[in-house]
**Q** 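Shown below is the structure under consideration.
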Number of protein chains: 2
Amino acid sequence: MATLADVARHAGVSTATASRIINGSSKPVADALRTRVLAAVAELKYVPNAHAQMLARSHRSAVGVIVHDVSDPYFAEITRGLQRVATADGRLVIICNSFREPDRELEYIDLLHAHQVAAIVIAGSGYLDPATAARLDDRLRAFEATGGRIAVIGRHEHTGDAVLPDNEQGGFLAGEHLFTLGHTEIAVIAGPSYLTTTADRLKGLQNAARKYGIKLPKKRIYHADFTRDGGEEMAARVLADEPEVTAIAALNDSMAVGALAALRTSGDRRVAVIGFDDMPIARDVTPSLTSVRLPLTALGERAMALALGAAVESPRVEHVEAELVVRQSTWPR
Amino acid sequence: MATLADVARHAGVSTATASRIINGSSKPVADALRTRVLAAVAELKYVPNAHAQMLARSHRSAVGVIVHDVSDPYFAEITRGLQRVATADGRLVIICNSFREPDRELEYIDLLHAHQVAAIVIAGSGYLDPATAARLDDRLRAFEATGGRIAVIGRHEHTGDAVLPDNEQGGFLAGEHLFTLGHTEIAVIAGPSYLTTTADRLKGLQNAARKYGIKLPKKRIYHADFTRDGGEEMAARVLADEPEVTAIAALNDSMAVGALAALRTSGDRRVAVIGFDDMPIARDVTPSLTSVRLPLTALGERAMALALGAAVESPRVEHVEAELVVRQSTWPR
DNA sequence: ACGCTTGAGGTAAGCGCTTTCCTAGACCGT
DNA sequence: ACGGTCTAGGAAAGCGCTTACCTCAAGCGT
């Protein structure tokens with residue numbers, strides 16, 4: 001491990017001069033020295049120790065991102081947006097997967113805090129349980145108290161700036177679409193019941209049901225885990241349990257795709273399916289999936305912009321509307 | 001920012017004692033002190049500065065991962081495997097997207113080096129251009145020279161341990177499948193020509209063609225960019241240019257899905273399509289996609305295991321075979 | 001020729017932590 | 001009671017860098 005001192009010695013200058021040359025400080029330096037130092041850097045294959053740098057100039061630069069799972073396309077899209085604006089700003093982004101476990105999320109908040117990140121962006125559903133939310137918020141506040149910035153995507157219970165997709169309105173859109181097509185017997189494949197996203201989307205659906213005078217009994221709400229396979233399994237159960245159902249509203253596209261698969265294996269061609277999120281795959285399944293679009297990449301970009309922007313007294317909140325995208329998987333009853 | 005010194009002062013002990021208590025050092029400490037220190041930690045919401053820790057105990061722990069793009073399902077799968085074993089080992093993993101730009105890759109190698117990661121794992125096709133490969137290898141060696149470990153997935157031109165999916169054999173499998181089904185006029189939708197993955201898979205395809213006495217002229221090889229839309233565009237061009245083609249071999253699933261879409265819009269139901277990678281989506285498109293499976297998650301797991309394992313004199317190389325998965329998108333001519 | 005400014009470069013004090021080494025009191029056997 | 005052995009806890013030396021401050025010499029005007 002060549003150190004700055006090695007380079008300086010090699011070039012016959014002080015570490016101060018070497019540091020100034022390497023970092024392109026504003027202080028003027030003779031060209032002869034500059035050349036010597038740069039040559040020493042190349043020869044020794046010197047790479048500065050980022051930890052020492054961070055410690056010495058105590059200003060934060062990296063940003064941390066906590067998502068449920070980057071390999072889930074939903075978060076992949078959001079992350080893409082986050083990365084774009086972060087790297088455009090020359091920042092290292094550290095991505096952490098919480099896998100929907102509050103404890104892991106807690107751990108990562110502290111870890112990012114320890115790593116002196118400038119900001120933490122948390123994307124993905126929050127936790128309905130107030131105790132859990134409070135615990136998270138507590139750690140977040142501790143981070144904020146040290147001057148860190150916070151931005152959240154899609155959860156409203158925390159301190160800091162927020163970008164909020166309107167899940168409730170999106171749920172309403174999904175319900176309205178199905179009900180105006182004449183479906184009265186619908187089943188819902190929801191996500192885990194402890195997530196706010198599930199609750200919000202469901203609420204929108206119920207609002208729509210109320211408006212259109214349709215009843216949406218508890219037993220018609222099946223909880224899966226937001227994965228494709230979970231959706232397939234639940235859809236199969238719906239098909240078995242409730243033969244009168246004519247449409248399934250899945251609360252995300254992965255589960256909707258699973259539902260389509262269940263329909264395919266059962267040979268059933270009469271049940272309509274609507275998804276949520278409008279992920280790229282929606283175009284490529286057959287029938288192509290009607291869905292409620294959330295501008296995921298944009299969500300990420302805006303959240304990162306908030307996180308990197310100047311701090312403001314009162315947290316900024318941006319709302320983002322959902323939008324219905326009609327394709328071939330829904331039809332009149 | 002509460003520091004260790006603050007905590008120590010607050011608890012009326014030295015920083016040495018505080019550090020020992022907080023890190024659970026082996027040195028015994030009186031319970032009274034322990035309680036006081038822990039109380040101070042809680043009260044001051046103390047979070048240790050990871051940079052200072054790294055600097056003081058100069059041992060590396062985090063690991064860095066460089067992939068082309070995590071939000072690409074191919075890398076998402078690999079990354080999942082990498083993360084699983086890294087976090088099981090209690091390590092922070094830093095993920096960097098190179099977006100297939102060698103310069104960015106170079107930059108990230110240095111950045112990870114600077115951050116004193118214990119190991120760097122690079123996944124994804126290498127670059128055919130020898131100068132580019134050499135430049136990368138040079139930086140990698142510099143990292144290795146400082147005691148860092150390196151593991152690569154799917155590129156053979158570098159120092160360090162490697163997990164190598166057999167792309168050539170996979171290409172052969174794809175070709176053999178098509179040729180034994182009787183297809184003689186096939187078109188290939190390849191990836192970017194400067195990537196080794198493209199070259200290897202293509203080579204396998206050509207080996208198969210030679211074995212089965214089929215000719216595969218240059219003009220039947222279309223280069224796209226490994227994305228779905230690129231695949232769709234090229235497939236459309238194939239359909240327009242070469243009406244006699246009865247099968248398309250796409251060199252990854254994303255492009256195969258695009259090809260399926262092109263077929264759908266053109267109303268063509270006679271051209272067979274085979275993909276490569278067997279990503280989850282392959283099951284869910286219609287017709288479901290015949291593909292060549294690479295055990296991506298396992299690839300990631302094994303690479304990370306190599307990276308975290310004990311260093312050995314001579315780099316270890318593990319080969320992983322590809323496997324044909326036949327579904328509905330291919331049929332006899 | 002003198003004092004002053006100016007500018008290039010060096011000196012050294014941290015940044016926040018870990019850990020080696022040391023101290024001083026407690027405890028032991030005789 | 002005394003020397004010797006433990007042991008709990010503290011002092012302080014770094015880890016590799018940045019940067020405020022200082023030095024010294026050259027260049028200036030008068």
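Throughout, a chain's letter reflects where its sequence line sits, starting with A, and its residues are numbered from 1.
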**Q** Between C1' on C/dG16 and NE2 on B/His10, what's the gap in Å once rounded to a whole number?
**A**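 Answer to the nearest Å: 19 Å.
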**Q** Expressed as a whole number of angstroms, how long is the span from B/Asp6:CG to C/dC17:P?
**A**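 Interatomic distance, CG of B/Asp6 to P of C/dC17: 8 Å.
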**Q** My understanding is that only residues two or more places apart in sequence, or in another chain, count here; which of them pass salt bridge (Lys or Arg N to Asp or Glu O under 4.0 Å) with A/Asp225?
**A**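 For A/Asp225, no residue satisfies salt bridge (Lys or Arg N to Asp or Glu O under 4.0 Å) once neighbours in sequence are set aside.
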**Q** Who passes side-chain hydrogen bond (donor to acceptor under 3.5 Å, both in side chains) against B/Thr15, sequence neighbours left out?
**A**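 side-chain hydrogen bond (donor to acceptor under 3.5 Å, both in side chains) check on B/Thr15 returns nothing, list empty.
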**Q** Roughly how many Å is it from CD1 in A/Ile21 to P in C/dG9, rounded to a whole number?
**A**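 Atom-to-atom, A/Ile21 to C/dG9, this comes out as 8 Å.
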**Q** Do nucleotides 17-26 of chain D as a string where each nucleotide becomes B, S or -: B if the base has a protein heavy atom under 4.0 Å, S if just the sugar-phosphate does, - if no protein is that close.
**A** BBBBB-----
**Q** Please, which pairs that meet salt bridge (charged side-chain N to carboxylate O under 4.0 Å, His left out) have at least one residue in residues 58-71 of chain A, sequence neighbours excluded?
**A**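 For residues 58-71 of chain A, and leaving out neighbouring residues, the salt bridge (charged side-chain N to carboxylate O under 4.0 Å, His left out) pairs sorted by first residue read A/Asp69-B/Arg80.
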**Q** Whether the side chain of A/Ser125 engages the backbone of A/Thr196 through a donor-acceptor N/O pair (distance < 3.5 Å, no angle test) should be reported.
**A** yes
**Q** Taking only heavy atoms on the protein side, list every residue of residues 28-37 of chain A lying under 4.0 Å from any atom of DNA chain C, sorted numerically.
**A** A/Pro28, A/Val29, A/Ala30, A/Leu33
**Q** Can you list the residues that meet the side-chain contact (heavy atoms from CB on, under 4.5 Å) rule with B/Ile109, with sequence neighbours excluded?
**A** B/Ile66, B/Ile120, B/Ile122, B/Leu136, B/Arg139, B/Leu140
**Q** Roughly how many Å is it from CZ in B/Arg60 to P in D/dC15, rounded to a whole number?
**A**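 That distance rounds to 16 Å.
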**Q** Using atom CD1 of B/Ile22 as one end and atom C1' of C/dT18 as the other, report the distance to the nearest whole Å.
**A** 12 Å
**Q** A/Arg9: what forms a side-chain contact (heavy atoms from CB on, under 4.5 Å) with it, not counting sequence neighbours?
**A**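 If we apply the side-chain contact (heavy atoms from CB on, under 4.5 Å) test to A/Arg9, skipping adjacent residues, the hits are A/Ala5, A/Asp6.
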**Q** Could you list the residues that satisfy side-chain hydrogen bond (donor to acceptor under 3.5 Å, both in side chains) with B/Tyr127, not counting sequence neighbours?
**A**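 B/Glu105.
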**Q** Quick one: side chains of residues 35-46 of chain B, donor-acceptor pairs under 3.5 Å with protein atoms, not counting sequence neighbours, listed by atom name and distance.
**A**
unit_1, atom_1, unit_2, atom_2, d
B/Thr35, OG1, B/Asp31, O, 2.6
B/Arg36, NE, B/Ala11, O, 2.9
B/Arg36, NH2, B/Ala11, O, 3.0
B/Glu43, OE1, B/His10, NE2, 3.4
B/Lys45, NZ, A/Asp138, OD1, 3.3

**Q** For A/His51, give me all partners under side-chain hydrogen bond (donor to acceptor under 3.5 Å, both in side chains), at least two apart in sequence or on another chain.
**A** B/His51
**Q** Between the two ends of the helix from C/dA1-D/dT30 to C/dT30-D/dA1, what is the bend in degrees, rounded to 10 degrees, where each end axis spans five pairs?
**A** 50°
**Q** Quick one: B/Gln116 CD to D/dG16 P, roughly how many Å, whole number?
**A** 9 Å
**Q** Is any NZ, NE, NH1 or NH2 atom of the basic residue among A/Arg135 and A/Asp103 found under 4.0 Å from an Asp or Glu carboxylate oxygen of the other?
**A** yes
**Q** Got a sec, which residues hit side-chain hydrogen bond (donor to acceptor under 3.5 Å, both in side chains) with B/Glu107, two or more places apart in sequence or on another chain?
**A**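 None.
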